[in-house]
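Here, residue 1 is the first one in the sequence, and each next residue gets the next number.
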Amino acid sequence: VLFFFKYFYIDKNLTNRIPKNPIEEEIILDENIENIIEDLRFERIDVYGNKFVIIAKYGEISTNSLDVLILKEVIGTIYLTNRSPINISSNFAKYNKLNFHTIFYENVKITYENNLIKSDNLNISLDKSVALINGNVIINNNYMESYADNIELNLLNRDIIINMFDKEDNIKINRK
């Protein structure tokens with residue numbers, strides 16, 4: 001009798017307590033989870049001894065590539081050997097953590113020595129030691145104010161090529 005009650009007997013009260021249709025739990029995933037990182041700092045020194053530093057208030061991993069970060073409220077500095085530093089600020093930047101290729105955009109300001117350059121975009125390629133500044137470029141210093149579409153800056157020897165996208169347009173220079 002004990003054996004029967006222990007292994008084969010089913011209590012009718014117990015079966016009444018188990019619901020016939022178990023409640024399905026609804027799992028809701030928050031689709032708006034963001035991969036935001038705060039207070040970022042990146043440093044790189046090239047083969048010539050030049051140091052490139054990027055500081056951003058916020059960073060987010062790009063949905064297109066895991067190697068690219070979208071940075072917000074960005075400050076960058078290029079410390080060139082035997083030359084004064086180049087300071088950069090912008091609202092946003094795309095930073096590739098593999099090759100350190102960086103594109104600054106929206107409200108870009110570049111200062112070095114007595115020069116202030118404002119533009120829409122700044123594309124820095126450290127492996128080629130080149131900075132491309134384009135989109136509504138305004139160059140301001142003690143001697144002149146200039147308007148152009150595109151500037152190519154060699155970071156090693158500071159050679160500058162200034163041109164317009166449309167060959168019919170002229171570079172505007174106002175002397176002070």
Side-chain angles (χ1 to χ4, degrees), residues 26-81 83-141 145-166 169 171-172:
E26 186 176 333
I27 299 173
I28 300 172
L29 294 175
D30 186 4
E31 298 288 332
N32 296 323
I33 295 175
E34 296 183 16
N35 297 323
I36 294 179
I37 307 164
E38 293 184 17
D39 299 323
L40 297 168
R41 180 182 175 96
F42 303 100
E43 290 186 24
R44 179 168 182 190
I45 299 175
D46 68 7
V47 294
Y48 303 106
N50 301 314
K51 183 177 176 182
F52 186 41
V53 178
I54 296 177
I55 300 170
K57 193 155 195 152
Y58 304 101
E60 183 176 351
I61 298 171
S62 173
T63 55
N64 299 334
S65 173
L66 296 178
D67 297 327
V68 175
L69 296 174
I70 308 299
L71 306 176
K72 297 175 184 172
E73 298 181 37
V74 187
I75 296 173
T77 306
I78 302 171
Y79 298 96
L80 300 170
T81 55
R83 299 187 190 239
S84 58
I86 299 171
N87 298 305
I88 305 158
S89 67
S90 70
N91 294 350
F92 300 97
K94 285 183 183 178
Y95 165 74
N96 186 319
K97 57 186 176 180
L98 291 181
N99 59 13
F100 221 66
H101 184 89
T102 308
I103 300 170
F104 295 86
Y105 58 98
E106 198 172 300
N107 196 24
V108 178
K109 293 179 184 168
I110 305 150
T111 58
Y112 71 95
E113 296 173 357
N114 291 327
N115 299 296
L116 170 65
I117 302 173
K118 295 180 183 180
S119 72
D120 295 335
N121 302 300
L122 168 63
N123 188 339
I124 296 177
S125 180
L126 282 186
D127 54 344
K128 297 177 185 174
S129 297
V130 173
L132 300 173
I133 307 163
N134 53 48
N136 300 315
V137 179
I138 301 171
I139 306 164
N140 215 333
N141 61 27
E145 183 174 76
S146 177
Y147 301 89
D149 288 338
N150 191 44
I151 296 176
E152 183 176 330
L153 173 64
N154 183 317
L155 297 174
L156 295 179
N157 60 16
R158 296 259 178 118
D159 285 346
I160 296 176
I161 299 170
I162 302 173
N163 58 32
M164 300 295 280
F165 292 130
D166 185 1
D169 288 342
I171 299 168
K172 296 175 184 143

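Contacts of D159 classified as side-chain contact (heavy atoms from CB on, under 4.5 Å), with partners at least two apart in sequence or in another chain: N154, N157. Every residue meeting the ring pair (Phe, Tyr, Trp, His ring centres under 6.0 Å) condition with F92, not counting sequence neighbours, appears here in chain and number order: Y105. For the salt bridge (charged side-chain N to carboxylate O under 4.0 Å, His left out) test, no residue two or more places apart in sequence or in another chain qualifies with K172. Judged as a salt bridge (charged side-chain N to carboxylate O under 4.0 Å, His left out), and not counting sequence neighbours, the contacts of E113 are R158.
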Q | Test side-chain hydrogen bond (donor to acceptor under 3.5 Å, both in side chains) applied to N114 and N141, step by step | A | CA-CA 6 Å; N114 291 327; N141 61 27; over 6 Å; no

Q. Hey, mind stepping through I139 and I151 against side-chain contact (heavy atoms from CB on, under 4.5 Å) and telling me if it holds?
A. CA-CA 10 Å; I139 306 164; I151 296 176; 3.2 Å; yes

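Residue R44 holds its CZ atom at 14.0 Å from NZ of K51, rounded to the nearest 0.5 Å. We find the OG-CD distance between S90 and E73 to be 10.0 Å, quoted to the nearest 0.5 Å. Between F42 atom CZ and I55 atom CD1 the span is 11.0 Å, to the nearest 0.5 Å. In this structure, the separation between CG on N150 and CD1 on I161 is 9.5 Å, given to the nearest 0.5 Å. Here the CG-CG distance, from L80 to N50, works out to 4.5 Å after rounding to the nearest 0.5 Å. Between atom OG1 of residue T77 and atom OH of residue Y112 there is a gap of 15.5 Å, rounded to the nearest 0.5 Å.
Residues I117 and L122 fail the side-chain proximity criterion, which asks for heavy atoms closer than 4.5 Å. Using a 4.5 Å heavy-atom threshold, the side chains of I61 and L69 count as touching. F52 has its side chain out of reach of D46: every pair of non-hydrogen atoms, C-beta onward, lies at least 4.5 Å apart.
Looking at every heavy atom in both residues, G59 comes nearest to L40 through CA-CD1, 3.5 Å. Of all heavy-atom pairs between A56 and L71, the closest is CB-CB, 3.8 Å. Minimum heavy-atom separation, F100 to E43: CZ-C, 4.0 Å. Residues N140 and E145 approach most closely at ND2-OE2, 3.2 Å, considering heavy atoms.
For residues 93-104, the side chain to side chain donor-acceptor pair (under 3.5 Å) pairs, not counting sequence neighbours, are H101-N123.
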Throw together a table of side-chain donor-acceptor distances under 3.5 angstrom for residues 129-137, partners on residues two or more places apart or in other chains.
from, atom 1, to, atom 2, distance (Å)
N134, OD1, N121, ND2, 3.3
N136, ND2, D120, OD2, 2.7

